[in-house]
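Throughout, a chain's letter reflects where its sequence line sits, starting with A, and its residues are numbered from 1. Model, not experiment: these values are computed from the prediction. Both backbone and side-chain heavy atoms feed into the values below; hydrogens, waters and symmetry mates do not.
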2 protein chains.
Amino acid sequence: MNDEAVDRPRLTPKGARTRARIVEAAAALIHARGVASTTLEEVKVAAEVSGSQMYHYFPDKNELLQAVIDYQADTIVKHNRRALGSPKGVEAWRKMVVAGVGSTQGKGGCALGSLGGQLAESDPEARALIAAGFDQWAAALSDGLRSLRAEGRLRYDIDPDDLATTLLATLQGGLLLAQVQRSTRPFETAVDTLLALAIGLEPSQEPTG
Amino acid sequence: MNDEAVDRPRLTPKGARTRARIVEAAAALIHARGVASTTLEEVKVAAEVSGSQMYHYFPDKNELLQAVIDYQADTIVKHNRRALGSPKGVEAWRKMVVAGVGSTQGKGGCALGSLGGQLAESDPEARALIAAGFDQWAAALSDGLRSLRAEGRLRYDIDPDDLATTLLATLQGGLLLAQVQRSTRPFETAVDTLLALAIGLEPSQEPTG
(Lines give C-alpha, C1' and ligand atoms only; values in the text may rest on other atoms or scores of the structure.)
Protein backbone atom coordinates (compact mmCIF):
# COMPACT_ATOMS: atom_id res chain seq x y z
CA MET A 1 0.00 0.00 0.00
CA ASN A 2 2.89 2.38 0.67
CA ASP A 3 3.62 3.26 -2.94
CA GLU A 4 3.80 6.91 -2.00
CA ALA A 5 6.97 6.19 -0.05
CA VAL A 6 8.69 5.99 -3.44
CA ASP A 7 7.60 9.50 -4.52
CA ARG A 8 8.08 11.15 -1.19
CA PRO A 9 11.45 12.43 0.08
CA ARG A 10 12.86 9.83 2.43
CA LEU A 11 12.16 10.55 6.09
CA THR A 12 14.77 10.46 8.83
CA PRO A 13 14.08 7.69 11.39
CA LYS A 14 12.84 10.38 13.78
CA GLY A 15 10.67 11.91 11.06
CA ALA A 16 9.21 8.50 10.23
CA ARG A 17 8.36 7.95 13.91
CA THR A 18 6.67 11.35 14.16
CA ARG A 19 4.69 10.70 10.99
CA ALA A 20 3.68 7.23 12.25
CA ARG A 21 2.56 8.74 15.58
CA ILE A 22 0.29 11.19 13.75
CA VAL A 23 -1.18 8.45 11.55
CA GLU A 24 -1.81 6.11 14.50
CA ALA A 25 -3.48 8.89 16.52
CA ALA A 26 -5.64 9.85 13.54
CA ALA A 27 -6.58 6.20 12.89
CA ALA A 28 -7.69 5.70 16.50
CA LEU A 29 -9.72 8.93 16.63
CA ILE A 30 -11.35 8.32 13.25
CA HIS A 31 -12.24 4.73 14.16
CA ALA A 32 -13.84 5.87 17.42
CA ARG A 33 -15.65 8.99 16.15
CA GLY A 34 -15.84 8.85 12.39
CA VAL A 35 -14.13 10.96 9.73
CA ALA A 36 -16.47 13.95 9.85
CA SER A 37 -16.18 14.31 13.65
CA THR A 38 -12.37 14.23 13.76
CA THR A 39 -10.44 17.49 13.33
CA LEU A 40 -6.75 17.98 12.50
CA GLU A 41 -6.51 19.94 15.76
CA GLU A 42 -7.65 16.89 17.76
CA VAL A 43 -5.18 14.66 15.94
CA LYS A 44 -2.40 17.15 16.69
CA VAL A 45 -3.22 17.08 20.41
CA ALA A 46 -3.58 13.27 20.54
CA ALA A 47 -0.28 12.74 18.66
CA GLU A 48 1.47 15.36 20.83
CA VAL A 49 2.99 17.19 17.86
CA SER A 50 3.17 20.87 16.97
CA GLY A 51 1.05 22.57 14.35
CA SER A 52 4.06 22.97 12.08
CA GLN A 53 4.92 19.28 12.41
CA MET A 54 1.32 18.35 11.48
CA TYR A 55 1.47 20.65 8.46
CA HIS A 56 4.90 19.34 7.44
CA TYR A 57 3.69 15.74 7.20
CA PHE A 58 0.05 16.33 6.29
CA PRO A 59 -0.73 19.66 4.58
CA ASP A 60 -4.43 18.73 4.45
CA LYS A 61 -6.93 16.29 5.91
CA ASN A 62 -7.19 14.30 2.66
CA GLU A 63 -3.52 13.31 2.76
CA LEU A 64 -3.87 12.26 6.36
CA LEU A 65 -7.00 10.28 5.50
CA GLN A 66 -5.15 8.43 2.76
CA ALA A 67 -2.32 7.59 5.15
CA VAL A 68 -4.89 6.29 7.66
CA ILE A 69 -6.49 4.07 5.01
CA ASP A 70 -3.06 2.66 4.09
CA TYR A 71 -2.26 2.10 7.75
CA GLN A 72 -5.51 0.26 8.49
CA ALA A 73 -5.22 -1.87 5.35
CA ASP A 74 -1.59 -2.78 6.08
CA THR A 75 -2.38 -3.70 9.68
CA ILE A 76 -5.31 -5.90 8.70
CA VAL A 77 -3.53 -7.61 5.81
CA LYS A 78 -0.57 -8.39 8.08
CA HIS A 79 -2.91 -10.19 10.51
CA ASN A 80 -4.72 -12.11 7.77
CA ARG A 81 -1.74 -13.23 5.71
CA ARG A 82 -1.29 -17.00 5.75
CA ALA A 83 -3.84 -17.08 8.60
CA LEU A 84 -6.11 -19.73 7.13
CA GLY A 85 -3.49 -22.22 5.98
CA SER A 86 -4.41 -25.03 8.38
CA PRO A 87 -7.39 -26.05 10.55
CA LYS A 88 -5.46 -24.72 13.57
CA GLY A 89 -4.85 -21.51 11.66
CA VAL A 90 -8.55 -21.17 10.85
CA GLU A 91 -9.45 -21.66 14.50
CA ALA A 92 -6.86 -19.08 15.60
CA TRP A 93 -8.06 -16.65 12.94
CA ARG A 94 -11.67 -17.10 14.08
CA LYS A 95 -10.63 -16.37 17.66
CA MET A 96 -8.74 -13.28 16.54
CA VAL A 97 -11.62 -11.76 14.57
CA VAL A 98 -14.22 -12.55 17.24
CA ALA A 99 -11.98 -11.12 19.97
CA GLY A 100 -11.48 -7.99 17.86
CA VAL A 101 -15.23 -7.39 17.65
CA GLY A 102 -15.76 -8.42 21.28
CA SER A 103 -13.27 -5.87 22.56
CA THR A 104 -15.49 -3.05 21.30
CA GLN A 105 -18.91 -4.72 21.07
CA GLY A 106 -18.76 -3.74 17.42
CA LYS A 107 -18.39 -0.04 18.20
CA GLY A 108 -16.80 1.77 15.27
CA GLY A 109 -17.31 -1.21 12.94
CA CYS A 110 -14.43 -2.48 10.80
CA ALA A 111 -11.42 -0.14 10.85
CA LEU A 112 -11.24 -0.30 7.03
CA GLY A 113 -14.84 -1.08 6.06
CA SER A 114 -16.32 1.74 8.12
CA LEU A 115 -14.12 4.18 6.16
CA GLY A 116 -15.66 2.75 3.00
CA GLY A 117 -19.18 3.45 4.25
CA GLN A 118 -18.25 7.01 5.17
CA LEU A 119 -16.13 8.01 2.17
CA ALA A 120 -17.24 5.92 -0.83
CA GLU A 121 -19.68 8.52 -2.16
CA SER A 122 -17.75 11.68 -1.32
CA ASP A 123 -14.06 10.92 -1.88
CA PRO A 124 -13.15 8.91 -5.01
CA GLU A 125 -9.45 8.78 -4.11
CA ALA A 126 -10.22 7.35 -0.67
CA ARG A 127 -12.70 4.93 -2.23
CA ALA A 128 -10.03 3.58 -4.62
CA LEU A 129 -7.54 3.15 -1.77
CA ILE A 130 -10.10 1.28 0.34
CA ALA A 131 -10.96 -0.93 -2.65
CA ALA A 132 -7.26 -1.75 -3.04
CA GLY A 133 -7.11 -2.57 0.68
CA PHE A 134 -10.07 -4.95 0.34
CA ASP A 135 -8.39 -6.60 -2.66
CA GLN A 136 -5.23 -7.23 -0.63
CA TRP A 137 -7.27 -8.52 2.30
CA ALA A 138 -9.14 -10.97 0.05
CA ALA A 139 -5.84 -12.07 -1.53
CA ALA A 140 -4.37 -12.73 1.92
CA LEU A 141 -7.39 -14.85 2.89
CA SER A 142 -7.26 -16.66 -0.44
CA ASP A 143 -3.57 -17.58 0.04
CA GLY A 144 -4.46 -19.36 3.25
CA LEU A 145 -7.47 -21.08 1.71
CA ARG A 146 -5.29 -22.42 -1.13
CA SER A 147 -2.96 -24.06 1.39
CA LEU A 148 -5.98 -25.47 3.19
CA ARG A 149 -7.21 -26.90 -0.09
CA ALA A 150 -3.83 -28.39 -0.90
CA GLU A 151 -4.07 -30.22 2.43
CA GLY A 152 -7.49 -31.54 1.42
CA ARG A 153 -9.20 -29.53 4.14
CA LEU A 154 -11.38 -27.40 1.86
CA ARG A 155 -14.24 -28.66 -0.26
CA TYR A 156 -12.91 -29.17 -3.77
CA ASP A 157 -15.94 -27.63 -5.45
CA ILE A 158 -15.20 -24.23 -3.91
CA ASP A 159 -12.93 -21.70 -5.55
CA PRO A 160 -10.57 -20.25 -2.90
CA ASP A 161 -10.82 -16.75 -4.41
CA ASP A 162 -14.63 -16.89 -4.34
CA LEU A 163 -14.62 -18.14 -0.76
CA ALA A 164 -12.16 -15.40 0.25
CA THR A 165 -14.51 -12.75 -1.21
CA THR A 166 -17.45 -14.38 0.58
CA LEU A 167 -15.55 -14.53 3.86
CA LEU A 168 -14.59 -10.86 3.52
CA ALA A 169 -18.20 -9.90 2.75
CA THR A 170 -19.39 -11.93 5.75
CA LEU A 171 -16.83 -10.24 8.01
CA GLN A 172 -17.86 -6.79 6.81
CA GLY A 173 -21.59 -7.41 7.04
CA GLY A 174 -21.24 -9.25 10.34
CA LEU A 175 -19.31 -6.28 11.72
CA LEU A 176 -22.02 -3.87 10.57
CA LEU A 177 -24.71 -6.01 12.24
CA ALA A 178 -22.58 -6.15 15.41
CA GLN A 179 -22.03 -2.40 15.30
CA VAL A 180 -25.73 -1.63 14.92
CA GLN A 181 -26.90 -4.25 17.42
CA ARG A 182 -24.03 -3.65 19.88
CA SER A 183 -23.51 -7.38 20.16
CA THR A 184 -20.91 -9.80 18.81
CA ARG A 185 -23.61 -12.46 18.34
CA PRO A 186 -24.59 -11.79 14.68
CA PHE A 187 -20.90 -11.55 13.75
CA GLU A 188 -20.04 -14.88 15.38
CA THR A 189 -23.10 -16.56 13.88
CA ALA A 190 -22.26 -15.40 10.37
CA VAL A 191 -18.56 -16.30 10.52
CA ASP A 192 -19.18 -19.68 12.19
CA THR A 193 -21.97 -20.65 9.81
CA LEU A 194 -19.88 -19.87 6.74
CA LEU A 195 -16.80 -21.64 8.11
CA ALA A 196 -18.88 -24.70 9.02
CA LEU A 197 -20.40 -24.83 5.54
CA ALA A 198 -17.16 -24.32 3.64
CA ILE A 199 -14.51 -25.91 5.78
CA GLY A 200 -16.47 -28.14 8.08
CA LEU A 201 -14.40 -26.85 10.97
CA GLU A 202 -15.03 -28.98 14.00
CA PRO A 203 -14.31 -26.80 17.03
CA SER A 204 -14.36 -29.90 19.23
CA GLN A 205 -11.03 -30.95 17.65
CA GLU A 206 -9.52 -27.78 19.03
CA PRO A 207 -10.29 -27.41 22.73
CA THR A 208 -10.81 -23.70 23.40
CA GLY A 209 -10.07 -21.72 26.55
CA MET B 1 -42.08 -0.51 12.29
CA ASN B 2 -44.83 2.11 12.28
CA ASP B 3 -45.58 2.09 15.99
CA GLU B 4 -45.58 5.87 16.01
CA ALA B 5 -48.80 5.82 13.99
CA VAL B 6 -50.53 4.80 17.23
CA ASP B 7 -49.27 7.80 19.21
CA ARG B 8 -49.62 10.32 16.47
CA PRO B 9 -52.93 12.04 15.59
CA ARG B 10 -54.42 10.23 12.61
CA LEU B 11 -53.62 11.90 9.30
CA THR B 12 -56.22 12.67 6.63
CA PRO B 13 -55.62 10.69 3.42
CA LYS B 14 -54.22 13.85 1.85
CA GLY B 15 -52.00 14.45 4.89
CA ALA B 16 -50.73 10.88 4.76
CA ARG B 17 -49.86 11.31 1.08
CA THR B 18 -47.98 14.55 1.75
CA ARG B 19 -46.07 12.95 4.62
CA ALA B 20 -45.23 9.93 2.46
CA ARG B 21 -44.00 12.22 -0.33
CA ILE B 22 -41.63 13.95 2.09
CA VAL B 23 -40.31 10.64 3.44
CA GLU B 24 -39.76 9.18 -0.03
CA ALA B 25 -37.95 12.31 -1.23
CA ALA B 26 -35.78 12.31 1.89
CA ALA B 27 -35.04 8.57 1.51
CA ALA B 28 -33.91 9.03 -2.10
CA LEU B 29 -31.71 12.05 -1.35
CA ILE B 30 -30.15 10.45 1.72
CA HIS B 31 -29.44 7.21 -0.14
CA ALA B 32 -27.75 9.11 -2.97
CA ARG B 33 -25.80 11.65 -0.91
CA GLY B 34 -25.64 10.49 2.68
CA VAL B 35 -27.27 11.86 5.82
CA ALA B 36 -24.77 14.66 6.49
CA SER B 37 -25.02 16.05 2.95
CA THR B 38 -28.83 16.22 2.85
CA THR B 39 -30.59 19.33 4.17
CA LEU B 40 -34.26 19.78 5.11
CA GLU B 41 -34.37 22.55 2.50
CA GLU B 42 -33.36 20.11 -0.27
CA VAL B 43 -35.96 17.59 0.91
CA LYS B 44 -38.60 20.35 0.85
CA VAL B 45 -37.74 21.25 -2.73
CA ALA B 46 -37.60 17.62 -3.91
CA ALA B 47 -40.93 16.76 -2.23
CA GLU B 48 -42.53 19.96 -3.58
CA VAL B 49 -43.96 20.99 -0.22
CA SER B 50 -43.98 24.29 1.64
CA GLY B 51 -41.80 25.10 4.63
CA SER B 52 -44.83 25.03 6.93
CA GLN B 53 -45.85 21.58 5.60
CA MET B 54 -42.32 20.27 6.23
CA TYR B 55 -42.38 21.67 9.75
CA HIS B 56 -45.88 20.30 10.41
CA TYR B 57 -44.86 16.72 9.65
CA PHE B 58 -41.20 16.85 10.66
CA PRO B 59 -40.27 19.53 13.21
CA ASP B 60 -36.64 18.42 13.06
CA LYS B 61 -34.24 16.34 10.99
CA ASN B 62 -34.12 13.53 13.57
CA GLU B 63 -37.82 12.80 13.22
CA LEU B 64 -37.49 12.75 9.46
CA LEU B 65 -34.47 10.46 9.74
CA GLN B 66 -36.45 8.03 11.89
CA ALA B 67 -39.28 8.01 9.37
CA VAL B 68 -36.76 7.32 6.59
CA ILE B 69 -35.29 4.37 8.53
CA ASP B 70 -38.81 2.94 9.04
CA TYR B 71 -39.60 3.46 5.38
CA GLN B 72 -36.44 1.72 4.15
CA ALA B 73 -36.87 -1.18 6.59
CA ASP B 74 -40.55 -1.66 5.66
CA THR B 75 -39.76 -1.60 1.94
CA ILE B 76 -36.97 -4.14 2.26
CA VAL B 77 -38.86 -6.48 4.59
CA LYS B 78 -41.84 -6.46 2.21
CA HIS B 79 -39.58 -7.64 -0.64
CA ASN B 80 -37.90 -10.34 1.47
CA ARG B 81 -40.96 -11.82 3.16
CA ARG B 82 -41.61 -15.39 2.09
CA ALA B 83 -39.04 -14.81 -0.67
CA LEU B 84 -36.92 -17.88 0.00
CA GLY B 85 -39.70 -20.46 0.43
CA SER B 86 -38.88 -22.54 -2.65
CA PRO B 87 -35.95 -23.09 -5.03
CA LYS B 88 -37.76 -20.90 -7.57
CA GLY B 89 -38.23 -18.29 -4.87
CA VAL B 90 -34.53 -18.39 -4.00
CA GLU B 91 -33.61 -17.91 -7.65
CA ALA B 92 -36.06 -14.98 -8.00
CA TRP B 93 -34.74 -13.44 -4.77
CA ARG B 94 -31.17 -13.76 -6.01
CA LYS B 95 -32.12 -12.03 -9.27
CA MET B 96 -33.87 -9.27 -7.32
CA VAL B 97 -30.94 -8.48 -5.04
CA VAL B 98 -28.36 -8.68 -7.84
CA ALA B 99 -30.49 -6.41 -10.06
CA GLY B 100 -30.84 -3.97 -7.17
CA VAL B 101 -27.08 -3.66 -6.82
CA GLY B 102 -26.57 -3.68 -10.61
CA SER B 103 -28.93 -0.73 -11.13
CA THR B 104 -26.55 1.51 -9.15
CA GLN B 105 -23.22 -0.36 -9.41
CA GLY B 106 -23.35 -0.39 -5.64
CA LYS B 107 -23.51 3.40 -5.38
CA GLY B 108 -25.04 4.41 -2.05
CA GLY B 109 -24.70 0.90 -0.63
CA CYS B 110 -27.66 -0.76 1.12
CA ALA B 111 -30.54 1.66 1.74
CA LEU B 112 -30.76 0.47 5.36
CA GLY B 113 -27.22 -0.75 6.04
CA SER B 114 -25.57 2.47 4.83
CA LEU B 115 -27.66 4.39 7.39
CA GLY B 116 -26.22 2.05 10.05
CA GLY B 117 -22.67 2.89 9.00
CA GLN B 118 -23.40 6.61 9.08
CA LEU B 119 -25.48 6.85 12.26
CA ALA B 120 -24.51 3.98 14.58
CA GLU B 121 -21.93 5.97 16.55
CA SER B 122 -23.68 9.34 16.61
CA ASP B 123 -27.43 8.67 16.96
CA PRO B 124 -28.46 5.93 19.46
CA GLU B 125 -32.16 6.25 18.57
CA ALA B 126 -31.45 5.77 14.86
CA ARG B 127 -29.10 2.88 15.70
CA ALA B 128 -31.86 1.09 17.63
CA LEU B 129 -34.36 1.58 14.79
CA ILE B 130 -31.86 0.23 12.24
CA ALA B 131 -31.14 -2.76 14.51
CA ALA B 132 -34.90 -3.46 14.68
CA GLY B 133 -35.05 -3.23 10.88
CA PHE B 134 -32.22 -5.76 10.54
CA ASP B 135 -34.03 -8.09 12.99
CA GLN B 136 -37.18 -7.97 10.88
CA TRP B 137 -35.19 -8.50 7.71
CA ALA B 138 -33.47 -11.57 9.18
CA ALA B 139 -36.84 -12.89 10.42
CA ALA B 140 -38.32 -12.49 6.92
CA LEU B 141 -35.41 -14.44 5.41
CA SER B 142 -35.67 -17.07 8.11
CA ASP B 143 -39.38 -17.63 7.42
CA GLY B 144 -38.58 -18.51 3.84
CA LEU B 145 -35.68 -20.74 4.82
CA ARG B 146 -37.94 -22.68 7.21
CA SER B 147 -40.34 -23.45 4.36
CA LEU B 148 -37.39 -24.48 2.21
CA ARG B 149 -36.25 -26.80 4.97
CA ALA B 150 -39.72 -28.28 5.37
CA GLU B 151 -39.56 -29.14 1.66
CA GLY B 152 -36.22 -30.87 2.24
CA ARG B 153 -34.37 -28.28 0.17
CA LEU B 154 -32.10 -26.99 2.93
CA ARG B 155 -29.32 -28.92 4.60
CA TYR B 156 -30.71 -30.31 7.84
CA ASP B 157 -27.62 -29.45 9.87
CA ILE B 158 -28.17 -25.72 9.30
CA ASP B 159 -30.30 -23.62 11.59
CA PRO B 160 -32.55 -21.37 9.46
CA ASP B 161 -32.14 -18.44 11.87
CA ASP B 162 -28.34 -18.75 11.74
CA LEU B 163 -28.38 -18.98 7.96
CA ALA B 164 -30.68 -15.94 7.75
CA THR B 165 -28.22 -13.92 9.85
CA THR B 166 -25.34 -15.16 7.67
CA LEU B 167 -27.23 -14.30 4.49
CA LEU B 168 -27.99 -10.82 5.82
CA ALA B 169 -24.34 -10.30 6.80
CA THR B 170 -23.25 -11.49 3.35
CA LEU B 171 -25.70 -9.11 1.65
CA GLN B 172 -24.49 -6.18 3.75
CA GLY B 173 -20.81 -6.91 3.33
CA GLY B 174 -21.23 -7.76 -0.36
CA LEU B 175 -22.98 -4.42 -0.85
CA LEU B 176 -20.16 -2.58 0.90
CA LEU B 177 -17.58 -4.32 -1.31
CA ALA B 178 -19.69 -3.47 -4.39
CA GLN B 179 -20.05 0.13 -3.24
CA VAL B 180 -16.31 0.57 -2.68
CA GLN B 181 -15.26 -1.33 -5.82
CA ARG B 182 -18.05 0.09 -8.01
CA SER B 183 -18.78 -3.40 -9.29
CA THR B 184 -21.51 -5.96 -8.64
CA ARG B 185 -18.96 -8.78 -8.94
CA PRO B 186 -17.98 -9.20 -5.24
CA PHE B 187 -21.66 -9.02 -4.25
CA GLU B 188 -22.68 -11.73 -6.73
CA THR B 189 -19.72 -13.92 -5.76
CA ALA B 190 -20.53 -13.71 -2.05
CA VAL B 191 -24.27 -14.35 -2.42
CA ASP B 192 -23.82 -17.17 -4.94
CA THR B 193 -21.10 -18.89 -2.95
CA LEU B 194 -23.16 -18.87 0.24
CA LEU B 195 -26.34 -20.04 -1.54
CA ALA B 196 -24.40 -22.84 -3.26
CA LEU B 197 -22.92 -23.98 0.04
CA ALA B 198 -26.14 -23.87 2.02
CA ILE B 199 -28.87 -24.66 -0.45
CA GLY B 200 -27.02 -26.27 -3.31
CA LEU B 201 -29.02 -24.13 -5.71
CA GLU B 202 -28.44 -25.36 -9.22
CA PRO B 203 -29.03 -22.40 -11.52
CA SER B 204 -29.10 -24.78 -14.49
CA GLN B 205 -32.50 -26.03 -13.28
CA GLU B 206 -33.81 -22.51 -13.76
CA PRO B 207 -32.92 -21.25 -17.23
CA THR B 208 -32.20 -17.51 -16.90
CA GLY B 209 -32.72 -14.77 -19.49
Taking every heavy-atom pair that is under 4.5 Å apart, which of Gly106(A), Gly108(A), Ala138(A) has the most such pairs with chain B?
-> Gly108(A)

If you count heavy-atom pairs under 4.5 Å between each of Asp162(A), Leu194(A), Leu163(A) and chain B, which one has the most?
-> Asp162(A)

Hey, mind stepping through Glu42(A) and Thr39(A) against side-chain hydrogen bond (donor to acceptor under 3.5 Å, both in side chains) and telling me if it holds?
-> CA-CA 5 Å; Glu42(A) 290 167 319; Thr39(A) 64; 3.2 Å; yes

Taking only Lys NZ, Arg NE, NH1 and NH2, and the carboxylate oxygens of Asp or Glu, determine whether [X] and [Y] approach each other closer than 4.0 Å.
{"X": "Glu41(A)", "Y": "Lys44(A)", "value": "yes"}
{"X": "Lys88(A)", "Y": "Glu151(A)", "value": "no"}
{"X": "Glu121(A)", "Y": "Arg182(B)", "value": "yes"}

Quick one: do the Glu188(B) and Thr184(B) side chains pair a donor with an acceptor below 3.5 Å?
-> yes

Take Leu177(A) and Phe134(B), measure what side chain to side chain contact (heavy atoms under 4.5 Å, CB included) needs, and give me the verdict at the end.
-> CA-CA 8 Å; Leu177(A) 295 184; Phe134(B) 278 144; 3.6 Å; yes

Check whether [X] gets within reach of chain B through its side chain, its backbone, both or neither, counting any heavy atom under 4.5 Å.
{"X": "Ser114(A)", "answer": "neither"}
{"X": "Asp159(A)", "answer": "neither"}
{"X": "Ile158(A)", "answer": "side chain"}

Most heavy-atom pairs under 4.5 Å with chain A, out of Gln118(B), Arg33(B), Gln179(B), belong to Gln179(B)

Among Asp135(B), Val191(B), Leu119(B), Asp161(B), which has the most heavy-atom pairs under 4.5 Å with chain A?
-> Asp135(B)

In terms of heavy-atom proximity below 4.5 Å to chain A, should Arg155(B) be classed as side chain, backbone, both, or neither?
-> side chain

